[in-house]
Amino acid sequence: MLFGWMKNIIIYLILSGIVINISPGNNYKKYINFLSGLIVIVILAEPLTYIFNLSVGDIDSIYNEAGLFVEESYGEGNFDNSGEDYYSLSLNESILSYLEGLGYDVEEVSVITDKDNNITECIIITGEKADLCLEIKNIISEVYNVEVNSIYIVRR
């Protein structure tokens, strides 16, 4: 973006210099200088309008660029730009509420979903005894269709 912006300024200054030098007579030069000065101000202000006038499309493009950076850093397929994160958060709350409604002492639930929003892993932090942890695994496996091997319970 910065390189393109600087290139636009340089090209415009060269073209405006050519127009000023080939203009006939001195009567129009002050008007051409004034108009070209206004256009230079607009070109110089372009980055400021980008910063202060973010539209939805700009925010999405920034989010997509950040997502591409994360995929390059951590591997492709680990992150998606859809509403998966919001779905995972709602699943976390849903499982937490469900287990608390059944009377289990659950502190936190963390769910990892795939691109099809299926639960691939579920981590539950609880204060329950070891024998109740297997019971919690079976309940989550049945209700949310998750393999028992993909459910991890951490006791505190």
Side-chain angles (χ1 to χ4, degrees), residues 1-17 19 35-156:
M1 179 180 150
L2 182 63
F3 180 73
W5 175 66
M6 290 182 352
K7 186 172 87 173
N8 289 341
I9 291 172
I10 292 169
I11 290 172
Y12 178 75
L13 290 175
I14 291 171
L15 290 177
S16 68
V19 169
L35 182 62
S36 66
L38 289 176
I39 294 173
V40 167
I41 290 172
V42 170
I43 293 173
L44 288 173
E46 184 180 355
L48 296 175
T49 60
Y50 180 78
I51 291 171
F52 294 116
N53 189 19
L54 289 176
S55 66
V56 174
D58 293 334
I59 293 171
D60 286 342
S61 67
I62 291 169
Y63 182 72
N64 288 336
E65 287 175 13
L68 290 175
F69 172 75
V70 169
E71 283 183 3
E72 289 171 2
S73 300
Y74 296 104
E76 187 176 341
N78 292 335
F79 299 93
D80 190 12
N81 293 333
S82 68
E84 262 185 53
D85 294 336
Y86 296 114
Y87 183 72
S88 295
L89 290 173
S90 66
L91 274 175
N92 294 346
E93 293 298 320
S94 174
I95 293 172
L96 181 69
S97 298
Y98 182 73
L99 290 174
E100 285 178 343
L102 293 176
Y104 293 105
D105 177 27
V106 178
E107 296 175 21
E108 187 178 340
V109 175
S110 180
V111 172
I112 299 173
T113 59
D114 60 8
K115 290 187 179 196
D116 297 326
N117 290 328
N118 297 320
I119 299 174
T120 57
E121 290 183 6
C122 179
I123 302 168
I124 302 170
I125 299 175
T126 181
E128 296 291 348
K129 298 178 183 175
D131 57 335
L132 293 178
C133 290
L134 183 58
E135 189 176 315
I136 292 173
K137 278 186 171 187
N138 291 330
I139 290 171
I140 298 300
S141 176
E142 290 173 18
V143 173
Y144 291 93
N145 195 22
V146 183
E147 293 183 30
V148 176
N149 297 342
S150 299
I151 302 170
Y152 304 99
I153 297 185
V154 179
R155 290 184 357 189
R156 287 198 183 182

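As a basis for the values below, the full set of heavy atoms in this structure was taken, side chains included, without hydrogen atoms, waters or symmetry mates.
A distance of 12.0 Å separates CD1 in Ile112 from CG in Leu91, rounded to the nearest 0.5 Å. One finds the OG atom of Ser141 at 13.5 Å from the CD1 atom of Ile136 (value rounded to the nearest 0.5 Å). In this structure, the separation between CG on Leu134 and CD1 on Ile153 is 8.0 Å, given to the nearest 0.5 Å. A distance of 9.5 Å separates OG1 in Thr113 from CG in Asn92, rounded to the nearest 0.5 Å. Here the straight-line distance linking atom SG of Cys133 with atom CD1 of Ile151 works out to 11.5 Å at 0.5 Å rounding. Distance check, rounded to the nearest 0.5 Å: CG of Leu96 to OG of Ser110 gives 11.5 Å.
Proximity of Ser36 to Val19: side-chain heavy atoms (C-beta onward) are nowhere separated by under 4.5 Å. Side-chain contact between Leu99 and Ile140 is present, with at least one heavy-atom pair separated by less than 4.5 Å. Within the 4.5 Å cutoff, the side chain of Val40 has no heavy atoms near those of the Ile9 side chain.
Between the side chain of Ser94 and the main chain of Ser90, no donor-acceptor pair closer than 3.5 Å is present.
No more than 12 heavy-atom neighbours from other residues, nucleotides or ligands sit within 6.0 angstrom of CG on Asn145.
When every heavy atom of Tyr98 is checked against every heavy atom of Val143, the shortest pair comes out as OH-CG2, 3.5 Å. Here the closest heavy-atom approach between residue Val109 and residue Val111 is recorded as CG1-CG2, 4.1 Å.
With respect to Glu107, the side-chain contact (heavy atoms from CB on, under 4.5 Å) criterion is satisfied by exactly one of Thr126, Ile125, Ile124: Ile125.
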